[in-house]
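Down below is the structure, laid out as structure tokens.
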Amino acid sequence: MVEEEGFRRYVAHIILWIGIAIVAFPVYLAFVASTQDNAVIANGQMSLLPGGHFFQTYYQTIFVGTSGSTREPVGNMMLNSLIMALLIALGKIAISIISAYAIVYFRFPFRMPIFWIIFITLMLPVEVRIYPTYKIVADLHMLDSYAGLSLPLIASATATLLFRQFFMTVPDELLEASRIDGAGPFRFFWDTLLPLSRTNMAALFVILFILGWNQYLWPLLITTRDDMQTIQIGIRKMITTTDALTEWPIVMATAMLAMLPPVFVVIAMQKLFVRGLVETEK
């Protein structure tokens, strides 16, 4: 029985390592390509070992940019993506937690219809309402701005629903104790609900940050200046379809750099992220 259990564990580890290899090999290949000479890659003679152009390629990628399709350094693109992702994630959490707090703890007319209206917006993603959203942003003169990049994407029915469901599990005794202590609505929210929601906010922040970082369609529509384009737009512009030769080492280096902030956020907030997903009792 012990031998059978050991064999199953051995097989499970083999399957796990095979899965890791399948996922990691394209990433490794992109890193190798970012250190090779462009002519070697264009001729299909790229080796599976890193080349000798690591520092040159990454310096040019971060501080100079490509010579043709994008004139903007990738470092500036990453800064734009970072600001947009942070504004979207923090904005969604702030608006959603306040909305959920109002729906759960305040009694006002049409409270539940308002909640269901918010919930129904899940069926209206950005792609569906893209034209009226663009028209409003253009009329407000927010094209090529961080406000235009982030504000239309801040509202989140999913986060509102998750915070509402969590607030409904908070014992009523905590609210009564806060009232006895003389705490008003704001103090109860700040001193009681926010600390209890810490893991939920962390889990949502990781998900929403990655969502904001990977935005492609909306930034493509509202950014016309090179200095406001995000890193996803930059990668797409680097891959040319004309006779001009694509600078593949810079493209691959940009792809590698684009993976770093989401990976860093996941690693840094891993414990809170897992707790926020699996905890059912607060």
Side-chain angles (χ1 to χ4, degrees), residues 83-130 132-133 136-137 147 149-215 217-218 262 265-266 268-282:
I83 294 174
M84 181 183 70
L86 287 175
L87 289 175
I88 290 174
L90 296 176
K92 280 178 178 287
I93 291 174
I95 292 177
S96 299
I97 197 170
I98 294 173
S99 302
Y101 175 64
I103 291 172
V104 173
Y105 289 100
F106 289 87
R107 300 294 182 263
F108 52 88
F110 307 108
R111 179 171 60 97
M112 290 310 298
I114 290 175
F115 168 72
W116 284 111
I117 290 174
I118 295 174
F119 186 73
I120 290 173
T121 59
L122 287 173
M123 296 184 291
L124 298 172
V126 176
E127 293 78 9
V128 175
R129 48 186 171 85
I130 196 75
T133 304
I136 293 173
V137 170
L149 283 170
S150 57
L151 284 179
L153 305 176
I154 277 182
S156 175
T158 304
T160 303
L161 173 65
L162 292 177
F163 280 122
R164 173 185 178 271
Q165 296 304 113
F166 168 68
F167 289 161
M168 292 179 67
T169 65
V170 175
D172 294 335
E173 289 79 3
L174 291 178
L175 178 59
E176 296 299 329
S178 297
R179 287 175 176 172
I180 294 174
D181 291 339
F186 177 78
R187 185 177 173 187
F188 171 69
F189 173 76
W190 187 264
D191 293 341
T192 304
L193 289 183
L194 275 185
L196 291 175
S197 306
R198 187 167 61 101
T199 54
N200 300 73
M201 288 190 292
L204 279 172
F205 177 81
V206 173
I207 297 172
L208 296 176
F209 179 87
I210 296 175
L211 174 69
W213 181 268
N214 289 330
Q215 287 295 319
L217 179 60
W218 181 247
V265 169
V266 171
M269 306 187 67
Q270 183 178 9
K271 292 184 179 180
L272 289 174
F273 176 69
V274 173
R275 286 173 56 189
L277 291 179
V278 302
E279 281 186 359
T280 56
E281 295 182 6
K282 305 291 180 181

Note to self: Assess the residue pair L149 and Q215 against the criterion (side chain to side chain contact (heavy atoms under 4.5 Å, CB included)); give the C-alpha distance rounded to whole Å, side-chain angles, the decisive distance to 0.1 Å, and a yes or no.
What the structure shows: CA-CA 10 Å; L149 283 170; Q215 287 295 319; over 6 Å; no
Checklist line | Heavy-atom side-chain proximity of V104 to V170 below 4.5 angstrom | finding: no
Note to self: Show the nearest heavy-atom pair for residues P152 and R129, with the distance to one decimal.
What the structure shows: O-NH1, 3.8 Å
Next item on the list: Report the C-alpha distance between I93 and F163 in whole Å, list the side-chain angles of each, state the deciding distance to 0.1 Å, and finish with yes or no for side chain to side chain contact (heavy atoms under 4.5 Å, CB included).
Entry: CA-CA 9 Å; I93 291 174; F163 280 122; 4.2 Å; yes
Margin query: Using every non-hydrogen atom in the two residues, find where I154 and I88 come nearest and quote the distance to one decimal.
Written below: CG1-CA, 4.5 Å
Check: If you measure from CG on L193 to OG on S178, what distance do you get to the nearest 0.5 Å?
Finding: 8.0 Å
Check: Do V265 and F205 come close enough that some side-chain heavy atom pair is under 4.5 Å?
Finding: yes
Next item on the list: Nearest 0.5 Å please: distance from the OG1 atom of T133 over to the CG atom of L153.
Entry: 8.5 Å
Item checked: Atom of R164, atom of A100 and distance for their closest heavy-atom approach -> N-CB, 3.5 Å
Next item on the list: Can you measure from CG (D181) to CZ (R179) and round to the nearest 0.5 angstrom?
Entry: 12.5 Å
Checklist line | Minimum side-chain heavy-atom gap T158-K92 below 4.5 Å | finding: no
Check: Rounded to the nearest 0.5 Å, how far apart are CD1 of I95 and CG of L90?
Finding: 11.0 Å
Margin query: How close do M269 and V206 get, counting heavy atoms only, and between which atoms?
Written below: CB-CG2, 3.9 Å
Next item on the list: Enter the distance from L87:CG to L208:CG here, rounded to the nearest 0.5 Å.
Entry: 13.0 Å
Item checked: Where I114 and P109 come nearest, the two heavy atoms and their spacing -> CD1-O, 4.4 Å
Notebook entry, point to check: Of all residues at least two apart in sequence or in a different chain, which pass the side-chain contact (heavy atoms from CB on, under 4.5 Å) check with A155?
Noted result: none
Next item on the list: Hey, could you give me the NZ/OG1 distance between K271 and T199, rounded to the nearest 0.5 Å?
Entry: 14.5 Å
Check: Is the centre of the F189 ring less than 6.0 Å from the centre of the Y105 ring?
Finding: no
Check: Below 4.5 Å, heavy atoms only, C-beta onward: do I97 and F167 meet side chain to side chain?
Finding: yes
Margin query: If we ignore hydrogens and angles and just use 3.5 Å, is the side chain of R111 paired with the main-chain N or O of I103 as donor and acceptor?
Written below: yes
Margin query: Show the nearest heavy-atom pair for residues S197 and F166, with the distance to one decimal.
Written below: OG-CE2, 3.2 Å
Check: Heavy atoms, side chains only, cut-off 4.5 Å: are I130 and W218 in contact?
Finding: yes
Check: According to the interplanar angle, ranging from 0 to 90°, do the rings of Y101 and F106 count as parallel (below 30°), tilted (30 to 60°) or perpendicular (above 60°)?
Finding: perpendicular
Check: If you count the non-hydrogen atoms of other residues, nucleotides and ligands that lie under 6.0 Å from CG in D172, is the total more than 12?
Finding: no
